[in-house]
Amino acid sequence: MSLAITQGLDNTVERPGERAPLVLGDSTYHSITESVSQIAERPPSKAWVVGLMVSAALASWFGICIAYLIYTGVGVWGNNSPVFWGWPIVNFVFWVGIGHAGTLISAILYLFRQDWRTSINRAAEAMTIFAVVCAATFPGIHVGRAWLAFWLAPYPSLNLWVWPQFRSPLLWDVFAVSTYGTVSLLFWYMGMIPDLATFRDRSRNKWRRMAYGILSLGWSGSSRHWMRYEKAYALLAALAAPLVLSVHTIVSFDFAVSQVPGWHTTIFPPYFVAGAIFSGFAMVLTLMVPARSIFSLEKLITVRHLDNMCKIILATGTIVGLAYGTEFFIAWYGQVTEEKFAFINRAFGPYWWAYWTMITCNVISPQLFWFKANRTIPWRIVVISIFVNIGMWFERFVIVITSLSRDYLPSSWAYFSPTWVDWSMLIGSFGLFFTLFLLFCRFMPVINMAEVKATLAGQLHHSQHGDI
Amino acid sequence: MTDTQEKKLHGVYAEFDAVDTLLAACRRVRDAGYTRTDAYTPFPVHGIEKALGIRPTALPWIVLGCGLTGSAIGICMQVWMNGINYPYIISGKPFYSIPAFIPVTFELTILLSAFGAFFGMLALNRLPKFSNPVFTSPRFDRATDDKFFLYIDASDPRFDHNGVTRLLGDIGGTEIQDVYEDNSSTRVPTAIKVAFGVLAFLAIVPLLAVARMRVTNSPNPRFHVFYDMDFSPAKGPQTTSTLFADGRAMRPDVPGTVAVGQFDEDPNFYTGVDLDELARRDQTRAVHLVRTMQVPEAEAAPASGDQPAAETPWLAKNPRPVSLALLERGRMQFEIYCATCHGNDGRGRGLVTARAQQILSSAWVQPSSLHQETLYQDVYPDGKLFSVISNGIRKMGGYGSQISVRDRWAVVAYVRALQLSQNAALEDLPVNRRNDLSRRKAEVEQQLAEQAEAERRRAEEAAGTTTAPAAEEAAPAPAETPAEAAAPAPVTPEQPAATEPAPAPATEAAPAEPAPAADAEMEAAATPAAEPAPATEPAPATEPAPATEPEPATEPAPAAEPAPAPASEPEPTPSPEPAPATEPAPEPAPATEPEPAAEPEPEPAPATEPQPETEPASEPEADAEPAEEPAAAS
C-alpha cells in the first residue's frame, strides 16, 4: 500500500496546488519504524562512542568543578565587585534560551498545524530538557551554599517562618524555570510513550523489553487511548505555548526589574524571547544536521525541514538585530545619562570585542540565510548556526557583564576576568549537554515515529486524491 | 491448542493494512450493533471516534479544574505568605500586590494544568497497565509499527464467536485471531525484587539514622559539613588573620585614600592642637594624636594631672575666619547641643539644670558658666575649647560624634562672642551703636516709669469702670495710623478692635523684647528699631495665652490683670522666648472677648497696660533675660 514518492525530489520547491512532501523516498510506515529504531537497536557506531567519551569526560570535569566550587566557595569564580553575576548567570540565561526551541516547535508549531515539526520535535524537546538541566545547574550553584538551595522553595526557612519574597523576579524565575522544566519533561515523555511502545514491541531481549515496557506504561495503541492522548497533547501544547513565552520573559525580568543601566528597559521581554527562539533553533540545527547524516535520517529530516528552520532563524535574528538598534535608539531618545553611557560603553568600552562579536554573529551571520544555497547546503547551515550560538552566548555576556562592570558609581567600576573554573564550567556544561543528548540518541526514539507516520498517512491520502 | 481452550476467550481481532480500510471496517462493525469494540493503530487515526462511536473525553474539564486550582493555590499562597503570615514591606508595595503575584500564579496554573492533562490522560486510559490480553498475541506487536487492528471484545452483548469472525473476514480483515485472557504469571522476577529490596534498604538507612539522632542525646557538638560556611571567619578588630602577609585582620588604609569624614589636610584643624609644636615637645604624643585624631580628656584638661608633658600647645586662635554666618551657625549648634545645660546665655542655667534644681537632684553637677575669666580666650585657648567640645571634660561628655569638626569651630567662635556680649561695656560698642543703645535705654526707662504710673493709678481705682481713663491714654494715638499696620493682627480673626491699640504698646514694648530675644548678639541693638517685627509676633503668641487662660472671657478689667500672670507662666519653661510671651498679654483679653463684649473700644487700653508689668514680672523669675538688658543698655 506504500506509495512511492520521487526519490530525488527537491521538496523545498513550492508547487501550486500541491503540498510539498515532508517524508521522502519510498517510505512506508514500517520503513519509518525501521530507520528510527535501528539507531537504538544496532551496536553503537564508533563516532558515537568517541563522542560520548569526550562529552562524558567534560561532563565529569563539570561535576568535579562543582564539587570544588562547593567545597571551596564561590571565590573560585571570577565574580567580584561589581560583577557579582558573572559567567554562571551568563551560562544560565544562555542555556535557558537554548531550551526554548523544543517546546516552541512542539507547542506553537503544533497549534499552527505545521506538519514539518513532526520530524524534528522529539530531538528538539530532548534538547530543551537537557538545556534546562544545564541551565538549572548554574543558579543552583550560584547561590553559594548549594545545600541550602531548597530555601528557594516556598518553605518557612530558618525556623523563623520567613517565606520567600514573592515580589522578586528571582523567585518568579525559580517558579518559571522549574515549571518549564517539568512541563517540558511531561510533554517530551508523553510524546515518547507510543514510540517507546514501538521499541518495546520490537525488543527481543527480555530486559530491554521490560525496560521499554515500563517506560511505555503499557501503551497498546487503542483508539480510545489515542483520542484522550491527542486531547491531552493539544491541551499541553496550548498550555506550553504561553509558558514558553513566559519563561524567558520572566528571565528577562531578572534584569529589567532592576535599575542597572542597560538592564532597566521594557524591551527586554520580547527581545529575550526572540533571542531564545533564535538561539534554540540554531542549537537544533547544530545538532540535527550532523545527527541526520550520521543516523541516515535524510528521508525524514529533509532539506525542507532545514530550510524552514533557517527561515525561522533569519526572522528571529532580524528581530534580535532590530532590538539591538531599538535599545540604542531608546538610550538616546530617553536622554538618561547613565543609560546613554551604558550603551556607548557596550559598543566602544572595554568590552567592545564582545559587543562586535555579538553583532557579527547575531545580526550579520543569519542574514546569509537570505540565500537559498545557505539554507539547503548542510555544512553551511551548521557553520552559520554555530556562529549564532556563539553570538547568543556573547549577547548574554554583553548584557550581564558590561552593564554590571560599569554602572552608576565610577569608583566601583572594574573589569571582569573569568577564572579557569568559569571556563571549565562553560565547557563542562556543553559536555553535560552532549552527554545527555548522545545517550538520548542511542536509547530513545530520536524521531516521533507515530507523528511522522500520521504525516505520511496524510501525505498518502492527499496524493491519492490528487491522482484520482 | 488444548492450552488455549482452557483459557477464557477475551476477544477477536482482525488485521488491516491501511487507514481507509480500517475506517470502513469500523463503520461496518458499528453498524452491525457492536459496542465493545476498539481499534489499535500505530498512530492516531482521525475520524475513528465517529467510526467506532467513541464518546468525547472529559479531559478538558479535568484540566480546567486543575488550572483553576493552580491559580487559586498560587494567589492564596502568595497573599498568605507575604501578606498575612509574614507581611513583607517591599519598596512600599501593598501587601496584596497582585501584579507582582501574577507570574507565580500563572506558572502554577500552567503547572497544575499540565499535571491534569498528563495524569488525567493516564488515569482515564487506565494506564499504566502492564498486563493486557492483546499483548499475548505475537502479531499484535505490529500495532505499534505499521498494522491496524480492529478488536471486538467477548463481553459485547452481541458477541458470537463465529459471527464475529465471519464479520471481520467480510469487511476485509486479514489474520483474524482469537485473544485469550492472560493467565501468565504476574510474578516479579527475583532479581528485580532483590534489587528493589536493596535499594529500599539503602534509602531507609539515612532516615533511620536521622530518626535515631532525633531521639538520642549526644555530648558532641553539632556536625558541620562545611564549618567555615556555617561560621564565616569574619574577623573582628585587633585580631589576627592568616589571609594577609602581615597577619593583621584590620587593613590599613590604601595609600592615597581618604576615608569618609577624614579629609584632613590640616590635622591641627581636627585636633585643636599645634601638632608641629607638639611633635617638637613630645613626639610620641603627637604621633598618637595624629593616629586617633582626638585628645583624651586627661590631655584636654591638664589640670587633672601634672605630668611633665602636660603642656599641650593648643591653637590659640580659631582657624575658621569669623563671620556673621559662622556665628549664626555656631549659635544654632550651641542652642541645639550646649544650651540645654549651659543655658542660652552660657551661664550654666539651662533647662536641664533648672529641672535638676527643681527636683533637687543631688547627682547633678552645675555646668560651668562660660563667663568665668579663666575661660576667656587669653587664658583658655580656642584649641582647648575645641578639644573640650570634642572630647568632653569632667562630667560633660564629648560632642565630637555629634557636631562636625567645622561646626565645633563655629561653636567655639560663638562662645567667644557670647563671652564678649555678656561682659562688654558701652565703650566696647561702635560709636554709632552706642547712641542707639543710649536712646533705647532712655526709652525703656521712660516706658517703665509710665507703665508703673499707669499701674499704680489703675490699682487705686476700683474694679468697676476703670477702663475709660485708661483707654484715653493709649487709644487716641494709634487710633488711625495703625489701622493698616494692623495687618498681621487679623490673623486672629475675632478681634478687629484688639488690633488697633496693639501697635501703640508694640512700639513701646519693642525695645524691651527683642533685646532678650537676640541674647548676646551685637546686632540686637539694631533690631528694636524695627517696630513691625514685634507687631507681627503677637499673632502667633495670642494662641497659647488664651488657651492656657480660660478666665479672660469673664470681664474686661479682671481680664487685664490675670493676663500678666499667664504671660509670665510660659517664661520659665521656654526661657529663650520671653519676647513673644510678654506680648500676648495684651491680646488674650480682647481675643476672647469680642463676642461677649459688645463694645470692645475700652478693652484694649487696659490690655496695653499690663504689658509693662509683664516685664518686671518676668525679671525675678527668669533673670537670665533681663540680665542682658542692663548689660546691653549700660
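Please read these numbers as outputs of a predicted model, since none were measured by experiment. Every chain is numbered from 1, with letters handed out A, B, ... down the list of sequences.
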Task: Ring-face cation of B:Arg142 near A:Tyr29 (centre distance under 6.0 Å, axis angle within 45°) - done: no
Open item on the list: Tell me if the centroids of the rings in B:Phe118 and A:Phe187 come within less than 6.0 Å of each other.
Closed with: no
With a 4.5 angstrom heavy-atom cut-off, could you sort out which part of [X] is near chain B: side chain, backbone, both or neither?
X	result
A:Trp147	side chain
A:Leu243	both
A:Tyr71	both
A:Pro169	neither
A:Arg224	both

Open item on the list: I'd like to know if the side chain of B:Tyr88 reaches the main chain of A:Pro164, judged simply by a donor and an acceptor atom lying under 3.5 Å from each other, with no hydrogens or angles considered.
Closed with: no
Taking [options] one by one, which has the highest count of heavy-atom pairs under 4.5 Å against chain A?
options	value
B:Ala114, B:Ala39, B:Pro56, B:Ala117	B:Ala39
B:Phe140, B:Phe115, B:Tyr151, B:Phe149	B:Phe115
B:Pro60, B:Ala143, B:Ser131	B:Pro60
B:Gln78, B:Lys129, B:Lys147, B:Arg126	B:Gln78
B:Asn82, B:Ile54, B:Thr57	B:Asn82

Open item on the list: Tell me whether the count of non-hydrogen atoms from other residues, nucleotides or ligands lying under 6.0 Å of CG in B:Leu199 goes above 12.
Closed with: yes
Open item on the list: Can a side-chain donor-acceptor contact be found between A:Ser223 and B:Glu49 if the only test is distance below 3.5 angstrom?
Closed with: no
Open item on the list: Could you check whether any side-chain heavy atom of B:Thr41 comes within less than 4.5 Å of a side-chain heavy atom of A:Trp226, counting everything from C-beta outward?
Closed with: yes
Task: Close side-chain approach of B:Glu107 to A:Ile250, heavy-atom, < 4.5 Å - done: yes
Open item on the list: Which label fits B:Phe101 and A:Phe166: parallel for a plane angle under 30°, tilted from 30 to 60°, or perpendicular past 60°?
Closed with: perpendicular
